[in-house]
Amino acid sequence: MRVAMIGTGYVGLVSGACFADFGHVVTCIDKDAAKIARLKAGEMPIFEPGLDQLVATNVREGRLFFATDAAEAVREADAVFIAVGTPSRRGDGYADLTYVYAAAEEIAGQLDGFTVVITKSTVPVGTGDEVQAIIAKARPGADFAVVSNPEFLREGAAIADFKRPDRVVVGTEDERARAVMRELYRPLFLNETPLLFTGRRTSELIKYAANAFLAVKITFINEMADLCEAVGADVQEVSRGMGLDNRIGRKFLHAGPGYGGSCFPKDTLALVRTAADAGAPTRLVEATVQVNDARKKKMAQKVVEALDGDVAGKTIGVLGLTFKPNTDDMRDAPALDIIPALQAMGARIQAFDPEGMHEAEKLLPDVAFCTGPYEAAEDAHAIVIITEWDQFRALDFNRLRLTMRSHVLVDLRNVYRPEDMRGQGFRYTSVGRRGPRTT
Ligand SMILES: NC(=O)c1ccc[n+]([C@@H]2O[C@H](COP(=O)([O-])OP(=O)(O)OC[C@H]3O[C@@H](n4cnc5c(N)ncnc54)[C@H](O)[C@@H]3O)[C@@H](O)[C@H]2O)c1
């Protein structure tokens, strides 16, 4: 099949490269000329494990192309994916559909022969209807079908998720479109991936429902962590005890500083807006949004308490800035709440992240960015682990003790065990384990 992918970001680039690897001929298109120029030069605009090789192989084999102009690729395409951003609209939290609708307009002008237009972006219920109306208005008589095919990949494991998904959701009532979607995802039949055909609106809602459920689950264990601290229980064990119940499952039950990233914050908010407008409010999700926002802010207070109630004039070494490991994505990362709050209280921040510093530099003023964890710990009164990158899981505590001014570790991801840290001579604070401070 010939595929045009409009939007070459985290989702568009990974999906485009994976479809090419399935054997389709794919053109990834982006308005961002610098991004396309880098891709054409063989450079990756984002950090995603394994992506550079996947892209290089498929470019070499003549199945993957890049362009700034959609015209030619759309004209030749059997399937055109819309994978542009749908950020929160500033001020009100609705999904901003400007980019999706602009892409629909551009596609409309170029359609040639029966074409399936597929929304891969996360979009509120009814967006497919609007995309269809835009194209039909711009090109009366054009032969096309609009399909919803939400993406469930996780940054950091995106290629494996795309190639071995738990399911593929396809929302359409059009039989010809179904056949095209089956053909696009045919390689997945080998590993018996369920292809779930639904109505378009249902498919659009499945994506929000899934993300909101996971956000609720994370927020639930975070509240249990607070309760554990208050009553002297251990959230790691509560989580394990819950998660071993198959009805609950172990995933997304890890207490931490609150969820962030490019999806959960904006998608929960957009779902809340959709539901309120539809007269069917999602109170659980509303509460989740509020609890999570408050939690990210509360994490700064945890650091203050670990430093005896005052961070003014103190140096804090921050390890990890991205919203999770194995990505360079800084969107809505907890670090963006925690660091400015500590700075506002007079702390000096020196930070290190293996992949996120390029982005972080634009978002976090007055932070001293370091070349590694030990430089970030130099002369620090405390170190704070915000993201659990592998390289922070086996820190050399002898080295840290020698370089730090005082031996305080705030571990917002529960990477270490309190008893081990006591053995290392650190005053150790974590999340939801044996009192607000475990020494
Ligand atoms: N990032 C994830 O992990 C993830 C996972 C699942 C779903 N999603 C959803 O996928 C969508 C895309 O997310 P993303 O993280 O890839 O965003 P992104 O910001 O990384 O990429 C979007 C790209 O689209 C480009 N673009 C915008 N308008 C365009 C146009 N008219 N023509 C060509 N290019 C255009 C932008 O320049 C940008 O490069 C969102 O709706 C998101 O919610 C994201």
Side-chain angles (χ1 to χ4, degrees), residues 4-18 27-39 44-49 51 66-74 80-89 94-110 117-124 127-128 131 134 148-162 165-169 203-204 206-212 214-215 259-271 322-333 359:
M5 186 69 65
I6 315 284
T8 306
Y10 286 86
V11 165
L13 182 54
V14 171
S15 312
C18 288
T27 305
C28 286
I29 296 134
D30 206 288
K31 287 258 176 269
D32 183 341
K35 195 178 260 191
I36 294 300
R38 286 182 71 184
L39 282 162
M44 288 305 105
I46 54 167
F47 173 75
E48 178 62 43
L51 187 60
F66 301 103
T68 47
D69 182 37
E72 190 185 336
V74 171
V80 180
F81 283 88
I82 300 178
V84 300
T86 49
S88 267
R89 207 160 67 185
Y94 284 89
D96 182 349
L97 296 171
T98 321
Y99 305 105
V100 172
Y101 294 153
E105 295 272 4
E106 285 161 29
I107 293 165
Q110 306 299 333
V117 177
I118 305 137
T119 340
K120 208 164 226 342
S121 300
T122 302
V123 293
T127 304
V131 168
I134 289 171
S148 160
N149 172 222
E151 184 49 57
F152 296 94
L153 62 77
R154 294 163 299 169
E155 288 173 16
I159 295 169
D161 282 353
F162 193 92
D166 292 334
R167 78 308 204 184
V168 173
V169 175
S203 165
E204 289 168 338
I206 287 172
K207 173 65 191 177
Y208 281 102
N211 270 3
L214 295 174
Y259 61 77
S262 61
C263 291
F264 287 179
K266 79 172 175 65
D267 292 347
T268 44
L269 215 50
L271 179 62
T322 51
F323 81 98
K324 67 172 175 182
N326 293 321
T327 180
D328 57 352
D329 200 338
M330 284 295 301
R331 287 178 281 187
D332 275 318
E359 250 337 276

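Counting starts at 1 for both ligands and their atoms, following the listed order.
For atom 38 (C) of ligand 1, the nearest non-hydrogen atom from the set D30, N211, L97, L13 belongs to D30. Nearest-heavy-atom check against atom 11 (C) of ligand 1 across V11, V84, T86 picks out V84.
If you number the atoms of ligand 1 from 1 as listed, the ones under 4.0 Å from a heavy atom of K266 come out as 42 (C), 43 (O). Per-residue contacts place E155 under 4.0 angstrom from the following atoms of ligand 1 (heavy atoms of the residue considered): 1 (N), 2 (C), 3 (O). Within ligand 1, counting atoms from 1 as listed, the ones closer than 4.0 Å to a heavy atom of E106 are 31 (N), 32 (N). Taking every non-hydrogen atom of K35 and a distance limit under 4.0 Å, the qualifying atoms of ligand 1 come out as 38 (C), 39 (O). Within ligand 1, counting atoms from 1 as listed, the ones closer than 4.0 Å to a heavy atom of G7 are 24 (O), 25 (C), 33 (C), 34 (N). Residue E151 has at least one heavy-atom neighbour below 4.0 Å for each of these atoms of ligand 1: 6 (C), 7 (C). Of all atoms in ligand 1, numbered sequentially from 1 with element shown, those under 4.0 Å from a heavy atom of G85 are 22 (C). Of all atoms in ligand 1, listed by their number and element, those nearer than 4.0 Å to a heavy atom of S262 are 1 (N), 2 (C).
Protein heavy atom nearest atom 9 (C) of ligand 1, with residue, atom name and distance: T122 OG1, 3.5 Å. The nearest heavy-atom contact from the protein to atom 21 (O) of ligand 1 is G9 CA, 3.2 Å. Protein heavy atom closest to atom 5 (C) of ligand 1, with residue, atom name and distance, is L153 O, 3.5 Å. The protein non-hydrogen atom at the shortest distance from atom 33 (C) of ligand 1 is K31 N, 3.5 Å.
Each of D30, L13, T68 was checked for a side-chain contact (heavy atoms from CB on, under 4.5 Å) with K35, and the lone residue meeting it is D30.
The shortest N or O to N or O distance between Y99 and ligand 1 is not below 3.5 Å. Checked against a 3.5 angstrom limit, the closest N/O atoms of K120 and ligand 1 fall outside it.
For R331, every heavy-atom contact with ligand 1 shorter than 4.0 Å involves the side chain, none the backbone. At a heavy-atom cutoff of 4.0 Å, ligand 1 is contacted by the backbone of A83 but not by its side chain. Here R154 has no heavy atoms under 4.0 Å from ligand 1, in either its backbone or its side chain.
Each side chain to side chain donor-acceptor pair (under 3.5 Å) pair with one or both residues in residues 6-15, not counting sequence neighbours, appears once here: Y10-D328.
Surrounding OH of Y101 are more than 12 heavy atoms belonging to other residues, nucleotides or ligands, all under 6.0 Å away. Remark: R38 CZ is packed, more than 12 non-hydrogen atoms of other residues, nucleotides or ligands lying under 6.0 Å away.
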